[in-house]
Amino acid sequence: MRVYDTDLGSDLLLGTAQYPSPATLAQAITASGAAVVTVSLRREGGHGTGFWPLIQAAGCRILPNTAGCHSAQEAVTTACMARDLFETNWIKLEVIGHADTLQPDPFALVEAAGILVAEGFEVFPYTTEDLIVGERLVDAGCRVLMPWGAPIGSGQGLRHREALATMRAHFPSVPLIVDAGIGAPSQAALAMEMGFDGVLLNTAVAKAGDPVAMARAFGQAVQAGRAAHLAGLIPPRDMASPSTPIFGMADLATVLA
């Protein structure tokens, strides 16, 4: 995957919250093969804690996020603080508009994106599969879109598959990363088979019975899904299509006679 003129070594982005221990998080990052990890400013209180050195030691690109922000101004302020702390212009922009579904506020999201792009940020906006919102974000200067698969942490997978497929077709040259709602490696593979450029997930790994093994499974699933997309999937059919054709087969009745 290539985003903001940067080639990444993996199509998987991994969140860093809710792991049972720092050691498990470090092992999961390694097992997943993720090239990018997301970090919340609320998660990292400063360089003096053990969390920040652990993330640095992982050797991944850091994508700070504005998790927990509910207004454009709050998100912009958090992004500026994250840039100072993590020393990167990359920011995953989240502006939550609904407390239960954690659906992004499209109006505040576009507003915040425009402000951040003008201030030199390279914005990764967490959005829905809405095409108009996507267009507004691209117009604001976002060069990547991150539509949700389903509500954060729900594990429902690609809840609106047709809408996501439409979004993929509508933005053929924009990197699209499915962000949130992925609960199983098969769901991540499906997103990649559909032509998405990457998958970002957290809860499905952090809350698994064995987070390290699950991280490895997701890494393999993303690779398999991407390979399948590039190989060219056969289109679905309404009727059966015999793998062995009728024409050219031996006529056993004639042979036996």
Side-chain angles (χ1 to χ4, degrees), residues 1 3-4 13 15 17 36 38-42 63-83 89-183 187 191 194-203:
M1 178 167 51
V3 290
Y4 287 112
L13 297 82
V36 176
T38 62
V39 178
S40 170
L41 190 65
R42 288 168 168 78
L63 177 61
N65 66 41
T66 62
C69 293
H70 293 265
S71 70
Q73 187 55 55
E74 185 183 9
V76 169
T77 300
T78 301
C80 291
M81 294 172 64
R83 178 162 62 179
N89 288 327
W90 280 18
I91 191 72
K92 178 190 171 187
L93 179 60
E94 297 183 31
V95 186
I96 301 302
H98 192 275
D100 292 332
T101 64
L102 300 182
Q103 180 173 331
D105 180 334
F107 308 103
L109 182 66
V110 172
E111 178 187 352
I115 295 171
L116 291 172
V117 169
E119 294 188 5
F121 283 90
E122 295 177 321
V123 180
F124 294 68
Y126 163 63
T127 182
T128 65
E129 61 280 282
D130 188 288
L131 300 183
I132 305 304
V133 177
E135 288 178 348
R136 297 293 183 268
L137 290 168
V138 171
D139 291 343
C142 297
R143 293 164 57 191
V144 59
L145 297 174
M146 304 180 72
W148 66 351
I152 295 172
S154 68
Q156 296 178 21
L158 308 184
R159 190 169 63 169
H160 301 297
R161 182 176 172 183
E162 293 79 7
L164 286 168
T166 299
M167 189 176 199
R168 175 69 283 179
H170 190 73
F171 296 100
S173 60
V174 177
L176 299 182
I177 301 170
V178 173
D179 176 17
I182 297 294
Q187 298 165 356
M194 292 172 62
F196 283 86
D197 299 279
V199 171
L200 193 160
L201 54 93
N202 187 168
T203 307

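Below, each value reflects all heavy atoms present in this structure, side chains not excepted, and no hydrogens, waters or symmetry copies. Since the structure is predicted, the reported quantities are computational estimates derived from the model, not experimental observations.
By the 4.5 Å heavy-atom criterion applied to side chains, L201 and Q187 are not counted as neighbours. Side-chain atoms of M167 and L145, non-hydrogen and from C-beta on, do get closer than 4.5 Å to each other. Inter-residue side-chain proximity for F107 and V95 is flagged as unmet; no heavy-atom pair is nearer than 4.5 Å. Residues E119 and C80 form a side-chain contact, since some pair of their non-hydrogen atoms from C-beta on lies under 4.5 Å apart. The side-chain heavy atoms of V36 and W90, taken from C-beta on, include a pair separated by under 4.5 Å. In this structure, V110 and L137 have side chains that are in contact, with non-hydrogen atoms separated by less than 4.5 Å.
In this structure, L164 and G149 approach most closely via the heavy-atom pair CD1-CA, 4.4 Å. Contact between A191 and V199 at its shortest, heavy atoms only, is CB-CG2, 4.1 Å. The two residues C69 and A75 have their closest heavy-atom pair at SG-CA, 3.7 Å. The two residues C142 and A113 come nearest to each other via the heavy atoms SG-CB, 3.8 Å. Scanning all heavy atoms of the two residues, the minimum distance from L131 to T166 falls at CD1-CG2, 3.9 Å. Between A108 and A72, the shortest heavy-atom contact is O-CB, 3.6 Å.
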**Request:** Apply side-chain hydrogen bond (donor to acceptor under 3.5 Å, both in side chains) to the pair E74 and T78, showing each step before the final yes or no.
**Result:** CA-CA 6 Å; E74 185 183 9; T78 301; 5.3 Å; no
**Message:** Determine whether N89 and R83 satisfy the following criterion, side chain to side chain contact (heavy atoms under 4.5 Å, CB included), listing intermediate values before the conclusion.
**Reply:** CA-CA 6 Å; N89 288 327; R83 178 162 62 179; 3.0 Å; yes
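Counting heavy atoms of neighbouring residues, nucleotides and ligands inside a 6.0 Å radius, atom CZ of R159 exceeds 12 of them.
Just one residue in the list N65, D179, T66, T38 forms a side-chain hydrogen bond (donor to acceptor under 3.5 Å, both in side chains) with K92, and that residue is D179. Here the options are L102, T128, I182, the test is side-chain contact (heavy atoms from CB on, under 4.5 Å), and the partner is W148; only T128 passes.
Separating the OG1 atom in T127 from the CD atom in Q103 is a distance of 8.5 Å, to the nearest 0.5 Å. One distance of note links CD1 of I91 with CZ of F124; it measures 10.0 Å at 0.5 Å rounding. The distance from the NE2 atom of H170 to the CD atom of E135 is 3.5 Å, given to the nearest 0.5 Å. Taking CG from D105 and CD from E94, the interatomic distance works out to 13.0 Å, rounded to the nearest 0.5 Å. Expressed to the nearest 0.5 Å, how far CG of L109 lies from OH of Y126 amounts to 10.0 Å. One finds the CD atom of E129 at 14.0 Å from the CZ atom of R168 (value rounded to the nearest 0.5 Å).
At a cut-off of 3.5 Å, with distance as the only test, a side-chain donor of T77 or Q73 sits close to an acceptor on the other residue.
Remark: side-chain polar atoms of D197 are paired, donor with acceptor, to backbone N or O of L176 under 3.5 angstrom.
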